[in-house]
Chemist: 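Please find one structure pasted underneath; my questions will follow.
Every chain is numbered from 1, with letters handed out A, B, ... down the list of sequences. Given the structure is predicted, the values throughout are model-derived calculations rather than measurements.
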2 protein chains.
Amino acid sequence: MSGSIGRVADKSDPVYKADDTPFDVFSRTCPSRPVLEHVTGRWGSLVLAALQNGPVRFNDLRRRVDGVSQKVLAQTLHALERDGFVNRHQLSVFPLRVEYTLTPPGQDVAAKLLELITQVEASMDSVLAFRQDYDSNAAAGHTARA
Amino acid sequence: MSGSIGRVADKSDPVYKADDTPFDVFSRTCPSRPVLEHVTGRWGSLVLAALQNGPVRFNDLRRRVDGVSQKVLAQTLHALERDGFVNRHQLSVFPLRVEYTLTPPGQDVAAKLLELITQVEASMDSVLAFRQDYDSNAAAGHTARA
DNA sequence: CTGCATCCGACTCGATACTG
DNA sequence: CAGTATCGAGTCGGATGCAG
């Protein structure tokens with residue numbers, strides 16, 4: 001860490017949000033930040049989204065979330081399980097069968113996540129269009145943007 | 001967490017398809033996935049949230065998003081700017097003054113993001129309670145979990 | 001003030017191999 | 001099937017220094 005960014009912000013500037021939540025993700029020491037990272041992480045968000053429609057087994061999840069490795073999927077699930085967003089149910093049969101489901105808090109979070117994902121997908125057209133513009137301008141004039 | 005969540009977007013990102021095929025984040029090749037990662041990334045989400053209430057200058061943003069370094073903040077802003085979610089406005093005065101604002105698409109996404117963050121913060125009590133339970137059970141039982 | 005370049009440690013990922 | 005252990009490689013992120 002650096003000395004320059006260590007707790008420089010005072011409680012004098014929070015312009016936004018005057019609600020009653022004791023948790024503030026903007027603070028680096030707030031326990032909600034790691035939780036948010038589990039939820040919004042590269043794979044966490046996709047895993048939660050994939051669990052929206054009922055129990056899913058490990059390898060099904062792996063197929064559904066295209067590109068994730070076993071190791072990382074296991075890590076992701078552990079984190080979400082420990083946060084109480086995901087429930088792991090293991091059947092003592094053979095072949096081994098483990099089903100993952102969303103807990104009630106997990107459903108709440110996943111619902112919001114789904115809305116976000118939907119919003120992002122809905123924005124994709126404008127994003128892609130903007131990027132083309134942005135890239136060509138950057139290639140030509142450099143800092144000469146709108 | 002590192003991964004490539006916070007990686008800077010560049011022209012080597014998966015190329016887009018111009019047809020009207022629906023975007024599916026679950027697909028590894030879908031262009032919406034990197035965009036979602038910019039938005040939900042460790043810092044991207046906090047930056048978008050911090051920009052909700054109007055223009056913010058670089059260093060203000062840095063103070064607001066506690067713990068982020070200049071380099072990473074700049075990277076994050078570049079990615080979001082290229083996606084068309086954030087607008088960078090530089091005033092040619094001295095001292096140099098740069099203001100970042102949300103574009104309309106950025107506002108839509110940030111709104112959903114805020115809801116998600118609020119939901120996560122609202123879940124924190126149950127999360128922390130659950131974790132205590134989870135950890136003691138794991139400690140008693142067998143191998144410790146992450 | 002803003003922010004790019006570079007160096008470098010720390011961390012994460014993914015592939016493989018192995019256990020229950 | 002459902003993971004865990006290990007290892008190499010790649011990346012990220014922080015600090016510093018410099019430029020506009």
Chemist: Work out which heavy atom in A:Gly44 is nearest to a heavy atom in A:Leu80; give both atom names and the distance.
Modeler: O-CD1, 4.2 Å
Chemist: Is any side-chain N of the basic residue among A:Asp60 and A:Arg63 closer than 4.0 Å to the acidic one's carboxylate O?
Modeler: yes
Chemist: Is it the case that over 12 heavy atoms from other parts of the model lie below 6.0 angstrom from the CD atom of A:Gln90?
Modeler: yes
Chemist: In this structure, how many angstroms lie between the P atom of C:dA15 and the CG atom of A:Leu73, rounded?
Modeler: 13 Å
Chemist: Identify whether NZ of Lys or CZ of Arg in B:Arg64 sits under 6.0 Å from the centre of the six-membered ring of A:Phe26 and within 45° of that ring's axis.
Modeler: yes
Chemist: Regarding B:Arg33 and B:Asp24, does a basic nitrogen lie under 4.0 Å from an acidic carboxylate oxygen?
Modeler: no
Chemist: Could you give the CZ-to-P distance, from A:Arg62 to C:dC13, as a whole number of Å?
Modeler: 15 Å
Chemist: Whole angstroms only, please: what is the CD-P distance between A:Glu37 and C:dT12?
Modeler: 11 Å
Chemist: Between P on C:dT12 and CH2 on A:Trp43, what's the gap in Å once rounded to a whole number?
Modeler: 16 Å
Chemist: Can you name the side-chain hydrogen bond (donor to acceptor under 3.5 Å, both in side chains) partners of A:Asp66, sequence neighbours left out?
Modeler: B:Arg28
Chemist: Pick out the pairs of N or O atoms, protein on one side and nucleotides 1-8 of chain C on the other, that lie under 3.5 Å.
Modeler:
from  : atom 1 : to       : atom 2 : distance (Å)
C:dC1 : O3'    : B:Arg57  : NH2    : 3.0
C:dT2 : OP1    : B:Arg57  : NE     : 3.2
C:dT2 : OP1    : B:Arg57  : NH2    : 3.3
C:dT2 : OP2    : B:Asn59  : N      : 3.2
C:dT2 : OP2    : B:Asn59  : ND2    : 2.3
C:dG3 : OP1    : B:Arg88  : NE     : 2.7
C:dG3 : OP1    : B:Arg88  : NH2    : 2.4
C:dG3 : OP1    : B:Tyr100 : OH     : 3.0
C:dG3 : OP2    : B:Tyr100 : OH     : 2.9
C:dC4 : OP1    : B:His78  : NE2    : 3.4
C:dC4 : OP2    : B:His78  : NE2    : 2.6

